[in-house]
Amino acid sequence: MDASGYDGASFIPEFYDHVVPYASRQDVAFYVEAACQSGRPVLELGCGTRRVLVPTARAGIEIVGLDASEGMLEACRRRLRAEPLDVQRRATVQRGDMRDFELGRAFRVVTIPFRPFQHLVTVPEQLACLSAVRRHLERDGRLVFDIFNPSIHRLAKPADGDETDEEPPFTLPDGRAVIRRHRFLERDLIKQVNTSELVYYVTHPDGRQERLVHRLQMRCIFRFEAEHLLARAGFTVEHVYADFSRAPYGSQYPGELIFVARLVAPVQEFGR
Ligand SMILES: C[S@@+](CC[C@H](N)C(=O)[O-])C[C@H]1O[C@@H](n2cnc3c(N)ncnc32)[C@H](O)[C@@H]1O
């Protein structure tokens with residue numbers, strides 16, 4: 001089952017790059033630096049439309065992007081075709097599920113930018129992903145990823161289905177004006193899974209109105225839970241940050257939950 005909803009709503013790849021909180025997210029330099037520090041090919045899981053992938057290739061690092069959504073990948077390929085040839089050569093993308101993939105090669109760094117890991121809503125799915133990551137990491141390789149830090153204050157509020165969090169509006173290249181709102185449909189406090197909708201109110205240049213919905217599920221993962229999960233999957237946590245300028249976890253609340261984890265128990269090594 002696809003908890004992320006990215007393949008169920010065909011308008012998302014077209015809108016994604018214009019959504020203001022995505023376009024202004026301050027994580028790109030952090031992931032590009034992680035790639036550059038390794039100096040070697042990087043694997044990005046859930047690469048989406050290219051937000052991190054293209055800047056990494058522009059910085060001179062070979063990167064392989066994997067994503068489950070053909071629509072997101074098609075948008076990514078279109079973006080790549082507009083890049084200079086050397087950048088295009090450094091970036092390849094392919095469709096795949098981060099819970100079960102086999103690329104036949106190992107990387108120095110695997111990244112999962114902007115929370116795709118939270119679309120894995122059960123522990124077996126999380127472990128399947130970490131196991132696939134482990135198969136694709138060199139000895140001492142790093143897994144770098146971020147999730148949101150679940151706010152206890154927010155969890156305490158009932159999911160009443162009200163639309164909240166109005167964001168800055170944006171305009172698509174063809175003149176459609178878009179306002180996006182968010183609403184929680186359900187907060188399963190036992191399974192730690194939020195079901196919510198991102199609702200796009202679109203006004204066409206001729207005045208026609210449209211309401212488009214992206215429904216998705218995300219698992220809340222707490223800091224120590226993630227650390228236990230990583231240890232169980234053969235990783236040791238090197239850093240936990242609260243933001244992308246590397247402020248330590250605990251310096252703000254809720255902040256982000258950003259992990260740099262090192263592989264300590266490779267299951268299988270590729271001959272490189
Ligand atoms: C919030 S977007 C992040 C995209 C990109 N990493 C970025 O930073 O902009 C989440 C992405 O994860 C992908 N995704 C969700 N579940 C996945 C899975 N099981 N395997 C691979 N990709 C997945 C979605 O298709 C979507 O492109």
Side-chain angles (χ1 to χ4, degrees), residues 1-35 42-58 63-80 91-103 109-133 135-136 143-148 167 170 180 182 193-198 200 214-219 221 243-244 256-259:
M1 195 204 124
D2 172 28
S4 76
Y6 278 83
D7 253 355
S10 54
F11 64 90
I12 301 171
E14 194 187 0
F15 286 27
Y16 188 89
D17 293 339
H18 303 278
V19 174
V20 176
Y22 298 169
S24 59
R25 200 170 154 77
Q26 297 297 306
D27 58 349
V28 176
F30 173 86
Y31 281 107
V32 172
E33 274 168 42
V42 171
L43 171 62
E44 181 187 346
L45 303 181
C47 62
T49 61
R50 62 88 189 155
R51 220 173 48 82
V52 173
L53 182 121
V54 165
T56 305
R58 280 183 188 155
I63 181 161
V64 176
L66 185 102
D67 201 285
S69 160
E70 189 48 42
M72 296 293 273
L73 285 177
E74 194 37 51
C76 185
R77 289 189 198 103
R78 253 197 320 276
R79 289 288 183 163
L80 268 173
T92 50
V93 294
Q94 78 175 65
R95 192 168 188 191
D97 190 321
M98 72 172 91
R99 293 167 291 192
D100 180 19
F101 60 93
E102 188 50 75
L103 304 180
V109 176
V110 175
T111 62
I112 320 178
F114 200 8
R115 307 169 179 169
F117 191 74
Q118 287 178 277
H119 295 307
L120 311 181
V121 292
T122 66
V123 171
E125 288 176 280
Q126 295 171 330
L127 287 173
C129 173
L130 293 175
S131 166
V133 170
R135 289 196 304 274
H136 289 81
L143 168 63
V144 185
F145 69 105
D146 64 278
I147 55 183
F148 64 72
E167 296 168 1
F170 58 91
R180 189 177 84 152
H182 177 262
V193 175
N194 291 335
T195 303
S196 56
E197 283 181 351
L198 293 163
Y200 294 78
H214 174 192
R215 183 177 289 207
L216 65 153
Q217 289 190 311
M218 293 185 91
R219 184 178 170 112
I221 308 167
D243 68 23
F244 293 100
E256 304 281 340
L257 251 178
I258 305 163
F259 290 96

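Remember, it's 1-based here, ligands and their atoms both numbered in the order they're listed.
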| request: Answer yes or no: is there a side-chain heavy-atom contact under 4.5 Å between Thr111 and Val52? | output: no
| message | Students often mix this up, so state it plainly: with edges at 30° and 60°, are the rings of His214 and Tyr6 parallel, tilted or perpendicular? | response | perpendicular
| query | Relative to Phe114, does Arg25 satisfy both conditions: NZ or CZ under 6.0 angstrom from the six-membered ring centre, and within 45 degrees of the ring's axis? | reply | yes
| field | Test side chain to side chain contact (heavy atoms under 4.5 Å, CB included) applied to Arg219 and Val123, Leu120, Asn194, the passing residue | value | Val123
What are the distances between nitrogen or oxygen atoms of ligand 1 and protein nitrogen or oxygen atoms, counting only those under 3.5 Å?
from     : atom 1 : to     : atom 2 : distance (Å)
ligand 1 : 6 (N)  : Glu44  : OE2    : 3.4
ligand 1 : 6 (N)  : Gly46  : O      : 2.6
ligand 1 : 6 (N)  : Pro113 : O      : 3.0
ligand 1 : 8 (O)  : Arg51  : NE     : 3.3
ligand 1 : 8 (O)  : Arg51  : NH2    : 2.9
ligand 1 : 9 (O)  : Tyr16  : OH     : 2.7
ligand 1 : 9 (O)  : Arg51  : NE     : 2.8
ligand 1 : 19 (N) : Asp97  : OD1    : 3.0
ligand 1 : 20 (N) : Met98  : N      : 2.8
ligand 1 : 22 (N) : Ala68  : N      : 3.2
ligand 1 : 25 (O) : Asp67  : OD1    : 2.6
ligand 1 : 27 (O) : Asp67  : OD1    : 3.3
ligand 1 : 27 (O) : Asp67  : OD2    : 2.7

| Sub-6.0 Å ring centroid separation between Phe101 and His136 | yes
| Thinking salt bridges, do Glu74 and Arg95 make one under a 4.0 Å N-O criterion? | no
